[in-house]
Amino acid sequence: MFSSSSCICRFLSTKEKFHGFVDSEWQGSKGGDNDADEEPKTMCAEEPEPKKLKLDSEERNSSGKPDGKRLRGQNKSRPHTKPTTYDEKRLCLSVIQSNRECPFGDKCHFHHNVADYMSSKPADIGESCYLYETYGKCTYGLSCRFAKAHTTPDFKTTEKADLVKAYEGRIVVKNSLSKDLQNRLRKRSVPFEKSAEYLKTLANSKDKREHPDKQPPIKTVGALTDADVIKLRSCEKKQVWTSLNALSLFPQCGNLPFRRVCKRFGADITCGEMAMCTNLLQGQQSEWALLKRHESEDIFGVQVEGCFPDTMTRCAELINNNTDVDFVDINSGCPIDLVYKKVNLSNQFFSLKVLDVPLTVKIRTGVQEKSNIAHKLIPEMKNWGVSMITLHGRSREQRYTKLADWDYITTCAKLASPVPLFGNGDILSYEDAMKARETGVSGIMIARGALIKPWIFTEIKESRHWDISSTERLDLLKDFTNFGLEHWGSDTRGVEKTRTFMLEWLSFMCRYIPVGLLERVPQKINERPPYYMGRNYLESLMASQNVGDWVRISEMLLGPVPKNFNFLPKHKANAYK
């Protein structure tokens with residue numbers, strides 16, 4: 001719980017007073033519109049049913065409910081909205097891109113009448129298109145929600161020739177899945193020569209252990225080359241580990257636009273969201289999107305999960321041959337049931353043999369709260385040849401509750417030497433980072449702390465507390481909005497996808513308490529703030545833990561939500577009045 005003495009008393013408020021103030025000020029800012037008295041068009045009217053805990057009968061009270069057990073985790077029953085839901089009428093790509101005749105003719109399901117489409121299209125959000133101003137052209141053309149900025153009265157799309165020429169041939173985002181590779185993956189025609197060779201060697205080794213008298217086949221065909229007698233040692237692979245601040249985030253939050261925000265504030269290493277090896281091998285576009293890398297990410301890795309030697313090895317070779325990454329990270333520390341039940345740690349390091357970049361691994365202290373096992377696994381990992389280990393100072397059972405065990409991380413860091421070990425858990429200020437560095441870790445990994453305050457990287461590098469203003473935070477959200485429109489699109493689908501990811505982020509960012517309001521610094525990550533009034537209306541609005549107020553913030557940047565808009569945060573927060 002958050003101690004009220006931590007927040008200066010004159011700013012403290014009650015739940016009723018806080019929401020009354022925020023609602024009245026918002027309605028006042030509407031200028032007395034007819035719909036000012038309406039509730040914002042938001043998400044679910046009520047919280048979905050929580051997941052049920054499997055408890056023995058003696059652990060339940062007389063009413064049949066779990067006794068003393070507080071439900072935590074994800075909102076698993078939340079509604080799923082397809083991206084196409086908000087697009088009642090979609091313009092055909094043949095019209096958007098080149099205004100040519102549609103190859104599908106009358107069978108096409110999309111609209112071709114530009115005048116009809118423009119008359120029914122939702123109003124533009126703003127006067128300036130970020131894509132047009134940055135790159136000289138907007139690939140979304142007439143479907144762009146800022147189309148007036150680059151559309152003539154006769155519905156022709158304009159370009160800025162000088163900017164287009166400046167970006168010609170420049171690859172801003174790497175690691176996209178090409179149609180050719182996707183088709184070959186679906187047809188299973190992608191060769192995995194290194195994987196096949198290594199898995200065959202593995203099978204032969206197993207056969208030799210079972211049948212020691214059997215003689216192995218000897219390769220005698222072809223000239224002897226350096227590759228036959230020299231292997232690339234782990235120490236010879238590209239190493240990127242020094243005393244750095246790394247960023248590793250949750251699904252739905254560690255997207256490319258957010259990583260760009262963190263890079264601006266000084267994050268040294270960034271890592272993509274966790275991708276499933278099986279889905280990558282099947283050529284799923286949504287899974288490959290997690291591997292994308294922006295040009296600003298100078299040290300970037302991808303995070304994968306899998307459980308079978310053949311799947312992990314082939315996926316590693318696929319990534320090695322078709323993407324530009326500095327390391328591959330295996331996530332063995334995810335507490336989510338779907339991932340945890342599939343993980344087999346000893347099977348995950350066969351991918352080392354086919355990679356030209358370092359392989360890293362993320363683990364937790366163990367499964368149960370009072371039964372640490374990481375110290376037993378680390379020597380094995382050193383023998384396997386991993387380049388770096390990240391240790392989250394909690395068990396799977398703890399998830400994100402209680403404090404991270406940095407004493408145990410210290411012990412493991414000494415045990416891991418000379419292999420670098422990064423510590424992870426409870427870092428929300430430069431003071432937390434300094435204490436973490438004193439434990440002897442090679443670096444620190446930040447996740448929730450960056451979601452609550454992305455400027456934490458600046459604070460760490462400058463050794464100071466930053467009393468960032470609400471206006472500066474809104475500018476930060478504007479940057480995310482622009483990056484999101486660039487990444488997901490500036491049409492209606494892209495706008496609403498950007499909004500959804502922004503709302504997921506705001507479910508964490510609302511936990512931040514401005515330094516100027518604190519009676520003692522720094523704020524601790526597991527302390528949830530009481531209701532308090534900010535120094536201005538915007539600061540109060542950003543402090544709200546009500547999902548309706550997060551939607552209001554999104555409307556400042558992305559315009560009104562659609563009538564059928566629905567949202568509930570993935571990670572549970574105090575998002576209900």
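Fair warning: this is a prediction, and the values are worked out from it, not measured in the lab.
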Side-chain ion pair, D549 and R552, N-O less than 4.0 Å: yes
Looking at K461 and G266, would you say the former's side chain and the latter's main chain have a donor-acceptor pair under 3.5 Å? yes
Any chance you could lay out the side chain to side chain contact (heavy atoms under 4.5 Å, CB included) test for S94 and H112, step after step, and finish with the verdict? CA-CA 8 Å; S94 62; H112 301 85; 4.1 Å; yes
Any salt bridge linking R260 with D479? Criterion: basic side-chain nitrogen under 4.0 Å from a carboxylate oxygen. no
Going by heavy atoms in the side chains, are F308 and C277 under 4.5 Å from each other? no
Here the gap from I446 atom CD1 to F422 atom CZ, rounded to the nearest 0.5 Å, amounts to 11.0 Å
Note: R535 and I468 closest approach over all heavy atoms is NH2-O, 4.5 Å
Non-hydrogen side-chain atoms of T270 and H294 separated by less than 4.5 Å: no
Of L355, V328, V325, which is the lone residue that meets side-chain contact (heavy atoms from CB on, under 4.5 Å) with N320? L355
Measure the CZ-CG distance between F565 and L503 for me, rounded to the nearest 0.5 Å. 5.0 Å
Examine distances only and state if a side-chain atom of E459 and a backbone atom of W466 form a donor-acceptor pair shorter than 3.5 Å. yes
Quick one: does E287's side chain have a donor or acceptor within less than 3.5 Å of a partner on T278's backbone? no
Nearest atoms (heavy-atom pairs only) where R448 meets I525: CB-CD1, 3.8 Å
Check whether any side-chain N or O of S490 sits under 3.5 Å from a backbone N or O of R145 as a donor-acceptor pair, and report yes or no. no
Which distance, rounded to the nearest 0.5 Å, do you find between the OH of Y130 and the CZ of F483? 5.0 Å
One pair to check against side chain to side chain contact (heavy atoms under 4.5 Å, CB included): F155 and Y117. What are the steps and the verdict? CA-CA 11 Å; F155 304 130; Y117 171 79; over 6 Å; no
Whether the side chain of D491 engages the backbone of Y140 through a donor-acceptor N/O pair (distance < 3.5 Å, no angle test) should be reported. no
Should D324 and K174 count as an ion pair when the cut-off is N to O under 4.0 Å? yes
Heavy atoms, side chains only, cut-off 4.5 Å: are I460 and I444 in contact? yes
Heavy-atom side-chain contact between L291 and W288 under 4.5 Å: yes
Compute the ring centroids of Y132 and H150, then answer whether they are less than 6.0 Å apart. yes
Looking at E317 and S195, would you say the former's side chain and the latter's main chain have a donor-acceptor pair under 3.5 Å? yes
Donor-acceptor contact below 3.5 Å, side chain Q182 vs main chain G283: yes
Student check: side-chain heavy atoms of L506 and L477 closer than 4.5 Å: yes
Any side-chain to backbone donor/acceptor pair from S120 onto D116? Under 3.5 Å, distance only. yes
Go through it in stages, so that I can follow the logic: the residues are R394 and R364, the test is side chain to side chain contact (heavy atoms under 4.5 Å, CB included), and I'd like the CA-CA distance, side-chain angles, deciding distance and then a yes or no. CA-CA 6 Å; R394 293 184 180 86; R364 284 181 173 244; 3.7 Å; yes
Quick one: CZ on R259 to OG on S296, what's the gap to the nearest 0.5 Å? 9.0 Å
V190 side chain reached by L181 side chain, heavy atoms, under 4.5 Å: yes
Between E297 and R293, does any side-chain N to carboxylate O distance fall below 4.0 Å? no
Heavy-atom closest pair, residues R186 and Q282: CG-O, 3.7 Å
Restricting to non-hydrogen atoms, name the atom on F300 and the atom on G272 that form the minimum distance, rounded to 0.1 Å. CE1-N, 3.6 Å
Let me confirm one number: the CE-OG1 distance from M276 to T311, rounded to the nearest 0.5 Å. 13.0 Å
Tell me the closest heavy-atom pair linking N536 and S470, and the distance in Å. OD1-OG, 3.2 Å
Crowding at NZ, K121 (>12 non-hydrogen neighbours, <6.0 Å): yes
With a 4.0 Å cut-off on N to O distance, would you call R499 and E555 a salt bridge? no
T152 side chain to D154 side chain, donor-acceptor N/O pair below 3.5 angstrom: yes
Any side-chain heavy atom of I330 sitting closer than 4.5 Å to one from L359? yes
Is there a donor-acceptor pair closer than 3.5 Å between any side-chain N or O of T313 and the backbone N or O of D310? no
Parallel, tilted or perpendicular for Y531 and F18, by the 30°/60° rule? tilted
Within-4.5 Å side-chain heavy-atom neighbours: I553 and L541: yes
Step by step, work out the side chain to side chain contact (heavy atoms under 4.5 Å, CB included) result for F21 and Y537. CA-CA 9 Å; F21 169 74; Y537 171 68; 4.0 Å; yes
For the pair R90 (side chain) and H111 (backbone), establish whether a donor and an acceptor sit closer than 3.5 Å, ignoring hydrogens and angles. no
Sole residue of W550, W488, F508 in ring pair (Phe, Tyr, Trp, His ring centres under 6.0 Å) with F501: W488
Please round to the nearest 0.5 Å and tell me the distance separating atom CZ of F265 and atom NZ of K453. 11.5 Å
Under 6.0 Å from the CZ atom of F104, do we count more than 12 heavy atoms belonging to anything else shown? no
Could you pull out the closest heavy-atom pair between I513 and Y532, with the gap in Å? CA-OH, 3.8 Å
